[in-house]
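Read the structure below first, then the notes.
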Amino acid sequence: KGYGDRVFGLNNTVTKEQAIAIAYRLAGREEDAQVAAEEYYNEEGQASPINPIRYWSDGYLILAANEGLISDEDLEDAFGTGTQRQTGEFFYRDAEAERQEIAYWMAKALMLEPIYDQQKIFNSYIDWQEADPQKIPYIEAILQANIMNGDGSGRFSPRGPLTREQVAQIIKNAEDYILPILEFSK
């Protein structure tokens, strides 16, 4: 989906909230996200979200927290109800999503099995040690499924961003996994 007014923003980087929404949309979970947002705001006793501009992604973030893609603290940060953590980390929903986060979120949403043994593809990148160790088995699964790859210079750039154009290519690469989930055939 674009920004409206026929603007897709090919060269814009993907934010954390956009990446999570994309991962869930690929898995056919748009309705689940909408229901999650409605239930959250009903439980909180609010008829509408605090920030209506952000409402489009609230359900996706709630699903992500409920299903372990992000932590409860990340959700609190995203909704502006959290406080700075001791580690200094803070989850900004409109910050650039890292390549390793996108790989992790997509692998989880597409229900790819993490690959724990040897990680031979991911370990071939010269910067593999820069990745979050907990995300490596999911990155390996994404790589072995040929959904993502490196940057062409021997690097995966786990902490680097992706543009909307690059994510569109990743979605195209994942169609063999997406279509059956959505009950489509090609």
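The first residue of the sequence shown is numbered 1, and numbering continues consecutively from there.
- Annotation: Q144, atom CD; neighbour count of heavy atoms from other residues, nucleotides and ligands within 6.0 Å is above 12.
- Aromatic ring pairs are classed by plane angle as parallel below 30°, tilted from 30° to 60° and perpendicular above 60°; the pair Y60 and Y24 is parallel.
- Using a 4.5 Å heavy-atom cutoff, the side chains of T13 and L162 are not in contact.
- Taking all atoms of both residues into account, the shortest heavy-atom contact from A27 to A109 is CB-O, 3.3 Å.
- Taking each heavy atom of E101 and E96 in turn, the nearest pair found is OE1-O, 4.4 Å.
- Side-chain atoms of V14 and P161, non-hydrogen and from C-beta on, never get closer than 4.5 Å to each other.
- Checked by atom type, the side-chain pair Q169/N173 shows a donor-acceptor distance below 3.5 Å.
- Between F79 and Y41, the two ring planes are parallel [angle under 30°; tilted spans 30° to 60°].
- Between I171 and L26, the closest side-chain pair of non-hydrogen atoms falls below 4.5 Å.
- Between I136 and Y116, every side-chain heavy-atom pair lies at or beyond the 4.5 Å cut-off.
- Using a 4.5 Å cut-off on side-chain heavy atoms (C-beta onward), Y125 and N149 make contact.
- Between A23 and W105, the shortest heavy-atom distance links the atoms CB-O, 3.7 Å.
- No side-chain donor-acceptor contact under 3.5 Å links R155 to the backbone of I126.
- Nearest heavy-atom pair, S71 versus A65, reported as atom, atom and distance to 0.1 Å: O-CB, 4.2 Å.
- Annotation for I62 and A37: closest pair CD1-CA, 3.9 Å, computed over non-hydrogen atoms.
- A 6.0 Å sphere centred on CD of E113 holds no more than 12 heavy atoms belonging to other residues, nucleotides or ligands.
- Between E73 and F91 the shortest side-chain heavy-atom distance does not fall below 4.5 Å.
- When all heavy atoms of N11 and T163 are compared, the closest pair comes out as O-CG2, 3.7 Å.
- You'll find the side chain of W128 stays beyond 4.5 Å of the side chain of F156, heavy atoms only.
- Contact of the D127 side chain with the P158 side chain is registered, since non-hydrogen atoms from C-beta on lie closer than 4.5 Å.
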Quiz item: side chain to side chain contact (heavy atoms under 4.5 Å, CB included) between L182 and I178: does it pass, once the steps are laid out?
Solution: CA-CA 6 Å; L182 300 177; I178 298 167; 3.5 Å; yes
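- Between E30 and R25, at least one side-chain N (NZ, or NE/NH1/NH2) sits under 4.0 Å from a carboxylate O, which counts as a salt bridge.
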Practice problem: Kindly determine whether Y177 and I147 satisfy side chain to side chain contact (heavy atoms under 4.5 Å, CB included), including the steps that lead there. | Solution: CA-CA 9 Å; Y177 298 89; I147 294 172; 3.8 Å; yes
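- A side chain to side chain contact (heavy atoms under 4.5 Å, CB included) with I139 is found for one member of M148, R99, Q100 and no other, namely Q100.
- Side-chain contact annotation: T15 with R93, donor-acceptor N/O pair under 3.5 Å absent.
- With respect to the salt-bridge test (charged N to carboxylate O, under 4.0 angstrom), the residues E175 and K186 qualify.
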